[in-house]
Amino acid sequence: MKALLLRLEPLIWLLFGQGILIGTILLTGWLLVVGVLLPLGIVGTGADEALSYRRIYLLASTPVGRLVILALVALPLWKGAHHIRHLFIDHGGADHDAPIALSLYAIATAGSLAAIVAVIRL
Amino acid sequence: MTDVCRHDVIIVGGGAAGLRAAIAAVEADPEISVALVSKVYPMRSHTVSAEGGAAAVARDEDSLEMHGYDTVKGSDFLGDQNVIEYFVEEAPKELTRLEHWGCPWSRNEDGSVATRAFGGMTTKRTWYATDKVGFHMLHTLFQHSMRFDRIVRYDEHFVTRLLVDDGNVRGVSALDIRSGEVRAILGRSVILATGGAGKIFPFTTNGRIKTGDGMALAAAAGVPLKDMEFVQYHPTGLPGTGILITEASRGEGGLLKNSEGDRFLVTYDYGVGKKAELGPRDMISRAVVQEIEAGRGISGPYGEFVHLDLTHIGREKLEARLPFVLELARTYAGVDPLTEPIPIRPVVHYMMGGVDTDIDGATSLPGLYAAGETACGSLNGANRLGSNSLTECLVFGARAAQHAVLYSRGSSEGNESALLAQAEAEAARVSALRRHKKGSEKISTIRRELNTTMEEGCGVYREQASMLATVQTVASLQDRASDLRVSDDSMVFNTEVIAALEMKNMVDVAQAVSVSAAARLESRGAHTCRDFSSRDDENFMHHTLCYLEAGGPRLDKKSVHLGHWEPEERKY
Amino acid sequence: MSRAAHPDAMSPAEPGRTRTAPPQKPASWPSHPRMRVYTLFGWTGVLYLLIGFGLLETAWSLGQGEVVWDAKLASFSHPAYVAFHLLCLVSVVFVAVRFFRLFPKSQPARIGPAKPPPRPVILAGLYAVWLGVTALFVAILSGAIFS
Amino acid sequence: MSLGTKKFVITRFDPDRDTEPRTEEYEIPVQSDWKVLDAINFIKDEIDGSLSYRWSCRMAVCGSCGMMVNGEPKLTCKTALSSYGDSLTIEPLANFPTIRDLVVEMDGFMDKFQKVKPWIIQAKERAVEEGPQHQSPEDLQAFKQFSMCINCTLCYSACPVVATDPEFLGPAAIALGHRYNMDSRDEGADERNAVFRGEGTIFSCSYANECSEVCPKNVDPAGAVNQAKFNAVVDWASSFVVKREKE
Ligand SMILES: Cc1cc2nc3c(=O)[nH]c(=O)nc-3n(C[C@H](O)[C@H](O)[C@H](O)COP(=O)(O)OP(=O)(O)OC[C@H]3O[C@@H](n4cnc5c(N)ncnc54)[C@H](O)[C@@H]3O)c2cc1C
Ligand code: SF4
Ligand code: F3S
Ligand code: FES
């Protein structure tokens, strides 16, 4: 298990780093909209309004749209999984690192695969 | 039962000289087994604190001849000229090797190695890595030495004695500081590279570990100590701590000023003359003392001092060339050299003398070699030029190792049981020390008294009467030091036992210094007597040999190897 | 010293040459401001994992058709969801600020033959991209452009 | 100038006697210009000769006098006493086993140090006759900062990953390996990157940055470790494109 983990480490770190960098950069706008502007009613959700199904679907199903969504979904998962692993290590779980880490990364992998399916399916 | 370890070449000391020797030994014979024994981890050795640079001819305008002449003249013609000629020739090669091994030498714009001016050197030939040269050289050497698995390190092992059988040195006994056990480390040759002995003085640039152990070890085995009266005072140490402000600060343009703000060195009578700030250390130190005696010093909590002014050099150059000086002055003197002058006064820095060796590093005891500051191969004579000694560690560390390897090949096994018996005796001595709670003398008291008397008798300026008084005091301290009180009886990391062992070594070395000094009735290089104010080539153009024997110290003479350069009056 | 560090932290090559006392973590850690920031940074990972899955669901609902999408949008106004999103927003800003401060120095002074720009430029660039992308995102989603 | 007296609560441990570390208190007169080390030396010289600790240069360059002062790793010869209150706790460096009193075990660190191959690796060794190599001031700058490490191991005492993961190579060792990787004269980056990706991997670092906060020499080991990760990823990725001879 540990050997496998060691082999994967560079890839994981790359995804984790991009989760922080790209993930954070993309998430901020999204969170502003759904967390602030939408509840305040500043952006509309009605049939012809900004977040309407038709408009968002059109935007999302472009190649760029699909890529952005993929990044927006998958990268934070890796950031999350990796940081949670480190929380375990920092709180004394270093001896059980390998199973914990692999489970967390399995979750992130599953989420990422689902994200791929989700954007293809659009 | 003592633990026995067997090797071919044993190196005592992990400073520049010891590490270079270890590497040279495995280079000379990759099959050889080298023991590197050091009382601190090698990167803690005091080479680490050297700041200014290492000298070797590097530029077209320079020549071996010029480096040789500067060194001979700096030594006040007491340096052996064959040694000096060999040294200047090897110096560039050794520093180049270090470059190949990764030393981060500072560079000129075109990528070549940069050089700076240094005291007593007529042209820029001091290689540097900002102002942490010793640090970078030591770490480069240590890291490079890690490539070789034939170098077996004994870190934090304190060597207590040379094991001698049948007139040959066959190993050392070493106290493993961690476990408290004494090991017998056996081999066919031993190289001493234990550094200097500045700690016999109260005010020194030297670190805690520089207690002259190697000199004492050799002397105890009957090997003479040479030219011990020559103790270098560096003109610019911080009052109080003695922390060095490198000569490179003068090389880069720093000026010495008195309380009136005058550059007193330009006054001819001080014997530094036109060269002013770039004069040799002995002369500048004397000039500073004279200036203070003339009432133009500045007084502070640690006595009178003068100023080293770097303020005109400018932030950019200071930060690029002398960052460590900035850090040291700010941390340890509370002044910012960008805007204020640094308080400085002369400080004990370097032992020109040491274990008497020939050009190969060989001593009079077969199988025993010495290199670095602990040795006196007579490169430095009566006064060392700044930046020659780091290079010396490399050049003669390597040479001593090459000869030690050759010697090892030709020598036979010793009588092991005799050697082990000696190691057992050492174990018993250490163990007795460890339990000596009832001793009547406090280590710190003896140290203080030794320091005080050494400064009184063997300072920048010396007088017959005070030197003789010091000889007496040291002799009495020698008695008292045999009854030191050691309150710590633990086996593990007993630093008090180490301090007691070092104390004894320091007293021995101090004895050699004071006795040798009292016998030189002239002024030469760093040895300046008020009673005999000039050089006397007729009677004293010789090295002093000092044997420390059971009945007391015995002095002898050894002739100086002259040659190419004729003695002349030393003027700058 | 409060908690024990891992008993093997910096374990000896030859264990037991003499008995040692086990390593301890610095006592100051739990209360140390820097360590608190660091631990908090780690905890944002939990939020990132949740928001990632939340977004997965959102993207999935977009593929399910208009009814599901509208229901999803409606749920965003639920106070619990609003609170969660605001928490995420705060942590995202926190992550950005801490990480952007650390990022420039983790950029090698040379990557092969290429030389990245000086550190302050990288830092300014990061903030510019962050604010720019955020503005663009908001503009698109609020219908200010591409409508 | 006297600063009055201060109390020092010092950890003591003698494996021959103590089952676990205990503390001892010393109240001593101190001077205003003293560093923490001066006070400890005073205690050893005048009060308790059995107190054990390491020190040598007293000028912040030999790296041997690291201790925990009020819970923070400090180079005691560089740390001014005047910046503390009336009472100080002095403990051995955290995250290391303690041999005795304030002396910690360095063996694990020394192994890691050697593991990163801290020496110049070149395909063909150079002869002295070839003279010094050229290196532009700019190339020197690329690694200079990382060559300033005095091996004081304060960073190991500050790093939360070192505390929990005994195999982690740790900040100073990685910074040292990275120093050689960034040296224009070196050709050993592949070998070191393999070490970096192996046991004790550099990817264990969670960028706590504590190492750089406590480093007394501004080495910025956190920067080094994370640059090394960056390079190791590039190296790993390119290993799919270009086949390596050794592995
Ligand atoms: C502050 C300062 C600045 C200097 N600046 C310069 C400069 O700019 N240029 C220059 O050329 N020179 C300079 N020098 C001088 C030069 O640094 C030294 O002469 C040189 O470093 C000595 O090296 P060494 O290898 O002989 O000894 P050291 O580096 O002192 O090493 C001695 C070694 O011996 C070991 N040892 C000692 N006793 C024992 C024992 N009993 N058992 C086991 N091991 C033992 C120690 O552990 C240590 O490893 C400076 C010196 C000082 C103090
Ligand atoms: S990186 Fe800094 S803190 Fe760590 S060992 Fe080196 S000098 Fe000390
Ligand atoms: S503190 Fe440790 S976690 Fe990384 S940034 Fe420094 S090595
Ligand atoms: S005593 Fe050398 S670093 Fe503090």
Side-chain angles (χ1 to χ4, degrees), chain B residues 40-41 43-46 48-49 58 93 95-97 99-102 104-113 130 132 134-136 139 143-144 146-147 155 178 207-209 240-241 243-244 301 324 327-328 331-332 334 442-444 447 485-496 499, chain D residues 1 14-17 33 35 44-46 48-64 78 80 99-101 103 105-106 110 113-114 117-120 122 125-126 128-137 139-140 143-144 147-151 176 179-180 183 185-186:
Chain B
V40 293
Y41 280 94
M43 70 280 192
R44 316 288 189 218
S45 304
H46 207 60
V48 80
S49 65
K93 297 184 205 159
L95 295 189
T96 300
R97 278 193 187 98
E99 197 280 337
H100 291 175
W101 298 342
W105 296 118
S106 291
R107 302 285 176 161
N108 297 317
E109 272 314 311
D110 66 356
S112 59
V113 172
T130 63
K132 287 199 168 183
F135 164 80
H136 284 299
H139 280 248
Q143 289 160 16
H144 186 75
M146 287 189 155
R147 308 177 74 131
D155 296 332
R178 171 164 187 179
R208 193 214 88 216
I209 55 175
T241 58
I243 288 171
L244 178 77
F324 197 32
E327 180 188 328
L328 291 173
T331 314
Y332 297 99
K442 224 167 139 182
I443 296 176
S444 53
R447 188 196 307 137
R485 177 159 73 244
V486 177
S487 60
D488 188 355
D489 60 1
S490 170
M491 287 293 276
V492 179
F493 224 95
N494 189 327
T495 46
E496 210 179 4
Chain D
M1 263 163 291
D14 179 351
D16 289 349
R17 289 197 182 82
D33 61 350
K35 306 295 179 209
K44 180 159 183 84
D45 280 351
E46 307 302 332
D48 188 344
S50 70
L51 181 64
S52 290
Y53 52 97
R54 296 186 177 108
W55 72 286
S56 171
C57 70
R58 57 79 182 90
M59 56 191 278
V61 69
C62 77
S64 57
K78 198 187 176 182
I99 294 178
R100 165 103 196 259
D101 295 349
V103 179
E105 176 161 283
M106 294 279 294
M110 294 307 289
F113 187 84
Q114 184 153 16
K117 308 192 182 206
W119 50 78
I120 293 278
Q122 287 177 336
E125 250 172 60
R126 302 175 68 87
V128 186
E129 293 70 39
E130 295 174 59
Q133 301 157 85
H134 276 231
Q135 182 169 57
S136 69
D139 284 346
L140 175 65
F143 72 90
K144 183 70 201 258
S147 72
M148 303 298 279
C149 170
I150 59 172
N151 306 338
L176 183 65
R179 167 246 179 278
Y180 280 96
D183 191 324
R185 297 166 291 187
D186 181 81

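From a predicted model like this one, the values you see are computed outputs, not experimental measurements. Labels below follow one simple rule: chain letters A, B, ... track the order of the sequence lines, proteins then strands, and each chain is numbered from 1.
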- request: Give a yes or no answer on whether the side chain of B/Arg208 reaches the backbone of D/Arg58 with a donor-acceptor pair at less than 3.5 Å.
  value: no
- request: Before giving the answer on side chain to side chain contact (heavy atoms under 4.5 Å, CB included), spell out for D/Asp101 and B/Phe493 the whole-Å C-alpha distance, their side-chain angles and the decisive distance to 0.1 Å.
  value: CA-CA 9 Å; D/Asp101 295 349; B/Phe493 224 95; over 6 Å; no
Option that, when pairs with chain D are counted at under 4.5 Å, heavy atom only, ranks first among B/His144, B/Arg485, B/His139: B/His139
- line: So, the part of B/Ser45 with a heavy atom under 4.5 Å from chain D: the answer is neither
field: Atom group of B/Ile243 that falls short of 4.5 Å from chain D, counting heavy atoms
entry: both
query: Given a strict heavy-atom distance threshold of 4.5 Å, which part of D/Asp14 is in contact with chain B: side chain, backbone, both, or neither?
result: side chain
Contact origin within D/Phe143 toward chain B - heavy atom pairs under 4.5 Å: side chain
task: Check whether any side-chain N or O of B/Arg44 sits under 3.5 Å from a backbone N or O of D/Cys62 as a donor-acceptor pair, and report yes or no.
output: yes
message: Quick check on the interface: out of B/Met146, B/Glu496, B/Glu327, who has the most heavy-atom pairs with chain D under 4.5 Å?
response: B/Met146
Euclidean distance, B/Trp105 CH2 relative to D/Gln135 CD, rounded to 0.5 Å: 12.5 Å
query: Using 4.0 Å as the upper bound for N to carboxylate O, is an ion pair formed by B/Arg107 and D/Asp139?
result: no
- request: Please check if atom CD in D/Glu125 has more than 12 non-hydrogen atoms from other residues, nucleotides or ligands closer than 6.0 Å.
  value: no
